[in-house]
Amino acid sequence: WMVLTAVCDPVKEHADAAAALTGVPAFYDIRQLVASRPMEAAVVVTPIPSHHSISVYLSHHGIHNHVETAWCSLLAQGRDMVAAAEAGKVVCRVAENFFRFPIDRFAAVVRDSGYLGAIKRIFIYNDHAGYHSASRWIAFAGSHPLWVQAIHHEMEHPAFRSRPVRLHQREVFRARFIQFPEGLMAVDQAANIKGFLGRHPRPGYAEWQGTRGTLVHRAPGHTWADSTATVTELRRCSEAAFQDVPAGRRGHGRADQITPVVMEIVEGRWCSIYADTPAGRLQYVNPYRPDPLPEHRNEYYGSAIMDHMVDFALAVRGLRKGEFDERDALMSLMAELACRQSALEGGRRVALPLEGEIEADAVERRRQQQLYGVDPMDVEAMLSVTFPPP
């Protein structure tokens, strides 16, 4: 799908190491890379504050770009990235993985089958509650949200490090309500998605709630669950569950058709996810099966990466409309920023799409300007900023 032609990193030893590993030339400055132009597209895997400047610079030079999540820091930056891509007539995409994970692919199959009736509510606890989640629900709904409401709660705790560069001293709980057309609502909550302090670990607890049943997905125990340990099942009410009952008898409405959802894994590769229901098999077959990647904690992460890279390549070639385009990426950013704004205002409902500048955006812009010494909207200035680990 893609042929690697060069690597670029301002840290020379990093660029040289990547070049030696891949057998391609190394560049140490994006301007030199673009001047040499060994490529027609770029995959940007850099710190979030650098995404906007790199993407806009590439788009202005007619180079397609595929940018890691979160897409950028500011709403103004997202709008600028969309405008630059349109002006440069290039494809600009976000490397969104989460709606390509097995449970989300299967949830879409269940939605389309009608097996649980119309799915009108998604309830998630301790999976993500951020940019990724907004993208998941946009992809599931096939539409953009109408409004959001959010409440945040902060709690300090004894300091610890999950990694040498990650110091944790306070925990933020986020409760977010995202309303879509056709009566679909996503209720997304998270306190500590890594399972620290004994919290429920990712993928947490999730329900896709339909008018006649529920898809339930949860991590057992207290550690991050791999796909073989996660408990997933379809809970459906048959016609009998909705029938009238004689006086004095216990009422109905309880799920009486319980079907386990199975992850099919062969030689370390995720092949499909399915459920053999009374109405027949519901299944999503994974078309992307890379060699097992030992650095990943599950069998499907590599498949999700392949999925969005292929989607990008097909969009660049004009062979297929992208599954999640730059307008969707911008809406995920809007939803995330609107949730922050709602929390700042004590849970006020914020309508989407956002217009103009919002307070949450202004706060982040001032913070980055103080941190980097330049305006984060200044493309040329930000291209000269490097981002060493803390």
(request) Could you tell me which residues satisfy side-chain hydrogen bond (donor to acceptor under 3.5 Å, both in side chains) with H64, sequence neighbours excluded, listed by chain and number? (result) none
Using atom types as modelled, flag every donor-acceptor pair under 3.5 Å from a side chain in residues 81-94 to any protein atom, sequence neighbours excluded.
residue, atom, partner, partner atom, Å
E86, OE2, R327, NH2, 2.4
R93, NH1, E326, OE1, 2.3

(request) Taking all heavy atoms of S133 and all of A129, pick out the closest pair and write down the distance. (result) OG-N, 3.1 Å
(request) With sequence neighbours excluded, give me every ring pair (Phe, Tyr, Trp, His ring centres under 6.0 Å) pair touching residues 4-52. (result) none
(request) Step by step, work out the side-chain contact (heavy atoms from CB on, under 4.5 Å) result for E68 and T46. (result) CA-CA 7 Å; E68 185 52 77; T46 63; over 6 Å; no
(request) Give every residue pair that meets the side chain to side chain donor-acceptor pair (under 3.5 Å) criterion with at least one member in residues 109-121, sequence neighbours excluded. (result) R121-Q209
(message) Could you check whether R136 pairs with D127 (Lys NZ or Arg NE/NH1/NH2 to Asp/Glu carboxylate O, under 4.0 Å)?
(response) yes
(request) May I have all residue pairs that pass ring pair (Phe, Tyr, Trp, His ring centres under 6.0 Å) and include part of residues 75-113, sequence neighbours excluded? (result) F98-F101, F98-H128, F98-H132, F99-F324, F101-Y300, F101-Y301
(request) Not counting sequence neighbours, which residues clear side-chain hydrogen bond (donor to acceptor under 3.5 Å, both in side chains) with Q369? List them please. (result) none
(request) Take atom CD of E156 as the centre, draw a 6.0 Å sphere, and report whether it contains more than 12 heavy atoms from other residues, nucleotides or ligands. (result) no
(request) Examine V231 and L215 and state if one hydrophobic cluster contains both, with Ile, Leu, Val, Met, Phe, Trp and Tyr joined whenever side-chain heavy atoms are less than 4.5 Å apart. (result) no
(message) side-chain contact (heavy atoms from CB on, under 4.5 Å), that's the test. Do V262 and I273 meet it? Break it down for me.
(response) CA-CA 6 Å; V262 180; I273 179 170; over 6 Å; no
(request) Please say whether more than 12 non-hydrogen atoms of neighbouring residues, nucleotides or ligands are located less than 6.0 Å from CZ in R161. (result) yes
(request) With rounding to the nearest 0.5 Å, note down the distance linking SG in C271 to CD in E264. (result) 5.0 Å
(request) For H152 and V172, indicate whether the former's side chain and the latter's backbone hold a donor-acceptor pair under 3.5 Å. (result) no
(message) The test is side-chain contact (heavy atoms from CB on, under 4.5 Å); show your working for R320 and D311 and say whether it passes.
(response) CA-CA 8 Å; R320 188 177 74 191; D311 186 74; 3.3 Å; yes
(message) If the threshold is 4.0 Å, N to carboxylate O, is there a salt bridge linking R100 and E323?
(response) yes
(request) Can you establish whether the number of heavy atoms outside R37 located under 6.0 Å from its atom CZ is more than 12? (result) yes
(message) Can you confirm whether H157 is buried at NE2, in the sense that more than 12 heavy atoms of other residues, nucleotides or ligands lie under 6.0 Å from that atom?
(response) yes
